[in-house]
Amino acid sequence: MILTLLVTASMVSAADVHIYMKSRMNGTLVLSDGTSITTWGFRLGSGMGGTPQVPGPILEANEGDHVFIHFQNFSPMPHTIHLHGLDVDQANDGVPQTSFSIPMGGSYTYEFIAPHAGSYNYHCHVDTILHMQMGMYGAINILPPDGSNHAWDGGPAYDLERTWVTGEVDILWNQQQGNTDFTIYEPDYFMVNGKDGHLIGEDPYTSFGLVGAETALLRLGNMGYLPVRYDFSSLWTEVVASDGRPLPQSFAANGLIVAPGERYDVLIRATNEGVSHIGLEYLDLYDGSVLGSATVPVTASGAISAAGELFADDFVISPGFPSPFSSSVSFALNPVNQGTIEINIFDVRGRRVRQVQTSADSGGVFVWDGRDQDGREAPQGVYHVQFRQGPKVVTRKVVHVR
Ligand SMILES: [Cu+2]
């Protein structure tokens, strides 16, 4: 009996996973305005031939698996595969300064034990800023030990999953390939999964649809050089994990900033029928200004009730006035909304800074004085003010300046 259990357990756990991947430098990518650029990158398969994908293929294994990436470099420059966030040993780290790079025509087998289930990335670490800019990056998704559709073993379940890897293209960097000034980065194209502009919404690996109360798991990874601010305000969200580990406390987020190299796992449900949009803004590293944007449509159909939230025509909250504001911002509440309205104010990272209850019975106005729960003035920035009455939710975005 004990023997049987042991055999069963070992069959469920660690397997050997062999992935055959090559690097190529002969890619072409057509951007949304018709511009064609050269790309370098990875693709699956062994032997010479083929062109690279941008991003590279999504690599997948179950937690505990012994993963072998049989890498062949069929290109005129050295490359590596750096397993970003996987904490592998030095020989498998793909950092040429501390280990070695794989020369033209060379090959190497990277080995690692798949760590905690979650979202990871990989990229070439040779002349990193150029090679990543040219397209040498991708995602690694580690599933629970049983390979099931849970964010991790015992974690939340999902019905469908999308992996988004963001980046940018500076056309000068792309064309001059190393003869340019790397201190000046002025990206022209803002990418999700190697697509920009209208091509993003047309990419079935990026956009998705939800039926009824289905839950999507979004694996967000940033392989560009700019922080990306997400706007989820038209959807139900729960941020459950970051950098391959569950968060101590998950949180709802109308907005979320994913810095270069970071990953976040976000559960998404629809709150209204039809097409909602997830917005991305690519921010200047120094002053936070918006340098570019992208939009991903999410289509919802069928009854939404199980998601717990419905937009309703009779739940009317005005936009905040003024915005930007320094001392206070006001919202007019429609007197048809009898009863208590719960107000939660979130910062752009989705942290709740204030919770209050009010009532619109007398045709009221809600005034936020820009202070947090402890009475301290909240830092300047974008805030999402969420009004909730039963299943009805409306969110208003305001900007606080000091
Ligand atoms: Cu490279």
Side-chain angles (χ1 to χ4, degrees), residues 23-29 31-33 35-42 52 54-56 73 75-85 93-104 121-139 164-197 200 220-230 243 256-263 280-294 348-349 380-382:
S23 53
R24 302 284 284 146
M25 293 172 66
N26 59 345
T28 301
L29 188 66
L31 300 160
S32 63
D33 62 2
T35 302
S36 183
I37 60 170
T38 297
T39 59
W40 307 347
F42 301 100
V54 177
N73 178 13
S75 83
M77 283 187 193
H79 300 292
T80 65
I81 300 173
H82 170 64
L83 301 157
H84 183 85
D93 199 31
V95 179
Q97 290 81 0
T98 55
S99 51
F100 46 85
S101 56
I102 315 307
M104 174 174 78
N121 287 119
Y122 65 87
H123 62 83
C124 175
H125 220 305
V126 176
D127 201 355
T128 314
I129 56 173
L130 176 64
H131 288 218
M132 283 183 73
Q133 172 72 193
M134 295 302 291
M136 305 198 76
Y137 58 82
W164 292 1
V165 185
T166 58
E168 310 90 32
V169 171
D170 179 324
I171 207 75
L172 214 58
W173 283 30
N174 179 274
Q175 288 171 352
Q176 300 190 345
Q177 294 175 8
N179 300 317
T180 187
D181 180 355
F182 281 133
T183 63
I184 300 171
Y185 185 54
E186 295 177 334
D188 305 279
Y189 299 93
F190 301 88
M191 323 288 285
V192 181
N193 288 342
K195 307 274 195 299
D196 75 297
I200 295 171
L220 309 176
N222 188 342
M223 288 279 100
Y225 303 132
L226 302 181
V228 176
R229 180 167 60 210
Y230 287 82
D243 296 340
L256 183 69
I257 290 182
V258 182
E262 273 191 320
R263 288 92 58 208
L280 292 79
E281 292 176 320
Y282 298 70
L283 306 179
D284 186 285
L285 261 177
Y286 301 103
D287 65 14
S289 62
V290 178
L291 299 180
S293 62
V348 78
R349 309 258 347 218
Q380 58 181 11
V382 172

Undergrad: So, applying side chain to side chain donor-acceptor pair (under 3.5 Å) with Glu168, which one of Tyr185, Tyr225, Tyr189 is it?
TA: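 Only one option passes, and that is Tyr185.
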Undergrad: Exactly one of Met191, Arg263, His123 should register a side-chain contact (heavy atoms from CB on, under 4.5 Å) with Met223. Which one does?
TA: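 Checked Met191, Arg263, His123 against Met223; only one passes side-chain contact (heavy atoms from CB on, under 4.5 Å): His123.
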Undergrad: By side-chain hydrogen bond (donor to acceptor under 3.5 Å, both in side chains), which residues pair with Thr98, not counting sequence neighbours?
TA: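 Here no residue qualifies.
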Undergrad: Looking only at heavy atoms, which two atoms of His125 and Gln97 are closest? And how far apart?
TA: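 So the minimum-distance heavy-atom pair works out to O-OE1, 4.5 Å.
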Undergrad: Please give me the minimum heavy-atom distance between Thr183 and Asp181, naming the atom from each residue.
TA: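 What the structure gives for the nearest pair is OG1-OD1, 2.6 Å.
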Undergrad: Identify the two heavy atoms, one from Asn174 and one from Thr38, that lie closest to each other, and give their separation to 0.1 Å.
TA: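 Residues Asn174 and Thr38, closest heavy atoms: ND2-O, 2.9 Å.
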Undergrad: Determine whether a donor-acceptor pair (N or O, by modelled atom type, separation under 3.5 Å) exists between the side chain of Asp284 and the backbone of Asp287.
TA: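 The answer is yes, because a donor-acceptor pair under 3.5 Å joins these two groups.
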Undergrad: Working to the nearest 0.5 angstrom, can you tell me the gap between Ile171 CD1 and Thr180 OG1?
TA: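 Reported to 0.5 Å precision, the distance equals 12.0 Å.
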Undergrad: Between Tyr137 and Val54, is any pair of side-chain heavy atoms under 4.5 Å apart?
TA: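 The answer is yes; the side chains approach within 4.5 Å.
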Undergrad: With sequence neighbours left out, write down each residue that passes salt bridge (charged side-chain N to carboxylate O under 4.0 Å, His left out) with Glu262, or none if nothing qualifies.
TA: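 For Glu262 there are no salt bridge (charged side-chain N to carboxylate O under 4.0 Å, His left out) partners, ignoring immediate neighbours.
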Undergrad: Atom SG of Cys124 and atom CE of Met136: how far apart are they, to the nearest 0.5 Å?
TA: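 It is 4.5 Å, given to the nearest 0.5 Å.
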Undergrad: Between atom CG of Asp170 and atom CD of Gln176, what is the distance when rounded to the nearest 0.5 Å?
TA: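 Reported value, rounded in 0.5 Å steps: 9.0 Å.
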Undergrad: Sub-3.5 Å donor-acceptor pair from the side chain of Trp173 to the main-chain atoms of Ile184, do we have one?
TA: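 Yes; at least one donor-acceptor contact below 3.5 Å.
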Undergrad: Find out whether Ser75 and Arg24 are in side-chain contact, i.e. whether some heavy atom of one side chain is under 4.5 Å from a heavy atom of the other.
TA: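 Not touching, per the 4.5 Å side-chain cut-off.
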Undergrad: Look only at the side chain of Asp93 and the backbone of Val95, and say whether a donor-acceptor pair between them is shorter than 3.5 Å.
TA: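 No: the side chain of Asp93 does not pair with the backbone of Val95.
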Undergrad: Which atoms form the tightest heavy-atom contact between Val165 and Ala139, and what is the distance?
TA: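 Reported closest heavy-atom pair: CG2-CB, 3.9 Å.
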Undergrad: For Gly261, does its backbone N or O pair with a side-chain atom of His84 as donor and acceptor, under 3.5 Å?
TA: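 The answer is yes, because a donor-acceptor pair under 3.5 Å joins these two groups.
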Undergrad: Mind listing the closest non-hydrogen atom pair of Leu283 and Val290 along with its distance?
TA: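 Closest pair (atom of Leu283, atom of Val290, distance): CD2-CG2, 3.8 Å.
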Undergrad: Would a 4.5 Å heavy-atom cut-off, applied to side chains only, mark Trp164 and Val258 as touching?
TA: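 Counting from C-beta outward, Trp164 and Val258 never come under 4.5 Å.
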Undergrad: Quick one: does Phe42's side chain get under 4.5 Å of Pro52's, heavy atoms only?
TA: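 No - every pair of side-chain heavy atoms lies 4.5 Å or more apart.
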Undergrad: Sub-3.5 Å donor-acceptor pair from the side chain of Asp196 to the main-chain atoms of Phe190, do we have one?
TA: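 Such a contact is absent between Asp196 side chain and Phe190 backbone.
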Undergrad: Is any side-chain heavy atom of Gln133 closer than 4.5 Å to one of Val169?
TA: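 Val169 vs Gln133: side chains touch.
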Undergrad: Quick one: pull up CZ in Arg229 and OG in Ser293 and give me the separation to the nearest 0.5 Å.
TA: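 Between atom CZ of Arg229 and atom OG of Ser293 there are 11.0 Å.
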Undergrad: Nearest 0.5 Å, what's the CG-CG distance between Leu280 and Leu256?
TA: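 Output value for this atom pair is 10.0 Å.
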Undergrad: For Leu172 and Asp188, which heavy atoms make the closest approach, and how far apart are they?
TA: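 Distance-wise, the nearest heavy atoms are N-OD2, 4.4 Å.
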Undergrad: For the atom pair CH2 (Trp40) and NE2 (His79), what is the distance rounded to the nearest 0.5 Å?
TA: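 Interatomic distance, Trp40 CH2 to His79 NE2, rounded to 0.5 Å: 7.0 Å.
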